[in-house]
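All values below were derived from every heavy atom in this structure, side-chain atoms included, with hydrogens, water molecules and symmetry-related copies excluded. On a predicted model such as this, the values are computed, not experimentally measured, just so you know.
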Amino acid sequence: MPELPEVEVVRRGLERWVAHRTVADAEVLHPRAVRRHIAGPDDFAHRLAGHRIGTPSRRGKYLWLPLEDTGQAILAHLGMSGQLLVQPHEAPVEKHLRIRVRFTDTLSTELRFVDQRTFGGLSLHDTTPDGLPDVIAHIARDPLDPLFDDEAFHLALRRKRTTIKRALLDQSLISGVGNIYADEALWRSRLHYERPTATFTRPRTAELLGHVRDVMNAALAVGGTSFDTLYVNVNGESGYFDRSLDAYGREGLPCRRCATPMRRRPWMNRSSYFCPKCQRAPRPV
């Protein structure tokens, strides 16, 4: 799944190429792409036409395009393979094109939603007074948000009585951190993924948040992480942070700190990658 850096790269591209343009028409080419829009494909297309796109916004992994004059927003679920691409009108149609949005101006580009596996989609939702689509109002702020409250996060972490990786992936505590960047931040912090959150001191929490932010900013600088052609920016270009990963996907390779072979363990239908020497497992209680 794309994580915060990948989604932010797409958001920045949309801000440059789509913001403040007026929709001429929208065409839904596959009904599954708007299955979260309960009123159906025709209603979705009708509600977009004639409205101006505001500044694209993001919270954690969630991305939306406000409709400036409506109190509504287009929420994008990228899923496993969804891509929002800005393409010239005459560009060949992608094999898995699901939705296309044309604009009233003369820039000769359109917005396309392409999704190979059709797990993602677009939907229209009312927005809260804070401007969030109402269906994601429960999602916590992400660590790159200027209004993220480090102290509140620490207190919630201590109360949660769980383990640290589960906490990092809990969208009600902190948003935008997925499996890859959790493993990377935990490796940098020398923390085992099963460490109980009740043991965290304020300095330990502050150190971990610092590494989470460092990892995400480093990924943003190179366009995010791409393990295949599915994670791309609006121009169809992949990110390169996978070449700099210290933990994720490095099973059997030497730890970049101590040279101990990295390990992988099954974890919640995913995998956790860690160094058994630098990130020692907590003692059983």
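Salt bridge status for Arg11 with Glu15: present, with a side-chain N to carboxylate O gap under 4.0 Å. Ion pair Arg141/Asp149 not flagged as a salt bridge, since none of the NZ, NE, NH1 or NH2 atoms sits closer than 4.0 Å to an Asp/Glu carboxylate oxygen. Using a cutoff of 4.0 Å between basic side-chain nitrogens and carboxylate oxygens, Lys160 and Asp170 are scored as salt-bridged. A salt bridge between Arg250 and Asp246 is absent, with no side-chain N of the basic residue lying under 4.0 Å from a carboxylate O of the acidic one. Taking the charged nitrogens against the carboxylate oxygens, Lys61 and Glu6 have no contact shorter than 4.0 Å, which rules out a salt bridge. The pair Arg166-Glu194 does not meet the salt-bridge criterion, since no charged nitrogen lies less than 4.0 angstrom from a carboxylate oxygen.
Remark: His154 NE2 to Leu173 CG distance equals 12.5 Å, nearest 0.5 Å.
Of the possible polar contacts, one joining the Ser175 side chain to the Ala140 backbone as a donor-acceptor pair under 3.5 Å is found. No donor-acceptor pair closer than 3.5 Å links the side chain of Asp130 to the backbone N or O of Leu132.
Defined by atom type and a distance below 3.5 Å, a donor-acceptor pair is missing between the side-chain atoms of Thr127 and His125. No side-chain donor-acceptor contact under 3.5 Å links Gln116 and His96. Between Arg21 and Thr109, the side chains place a donor N or O and an acceptor N or O closer than 3.5 Å (distance only, hydrogens not considered). If you check the side chains of Gln87 and Glu94, you find a donor sitting under 3.5 Å from an acceptor.
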Exercise. Could you walk me through whether Asp115 and Ser81 pass the side chain to side chain donor-acceptor pair (under 3.5 Å) check?
Worked result: CA-CA 5 Å; Asp115 192 2; Ser81 59; 2.5 Å; yes

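Between Phe153 and the options Leu157, Asp150, Leu155, a side chain to side chain contact (heavy atoms under 4.5 Å, CB included) holds for only Leu157.
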Side-chain donor-acceptor pairs under 3.5 Å in residues 265-278, sequence neighbours left out?
residue, atom, partner, partner atom, Å
Ser271, OG, Arg264, NH1, 3.1
Ser272, OG, Lys165, NZ, 2.7

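Sorted by first and then second residue, the ring-ring contact (aromatic ring centres under 6.0 Å, His included) pairs with a member in residues 29-74 read His37-Phe44; sequence neighbours excluded.
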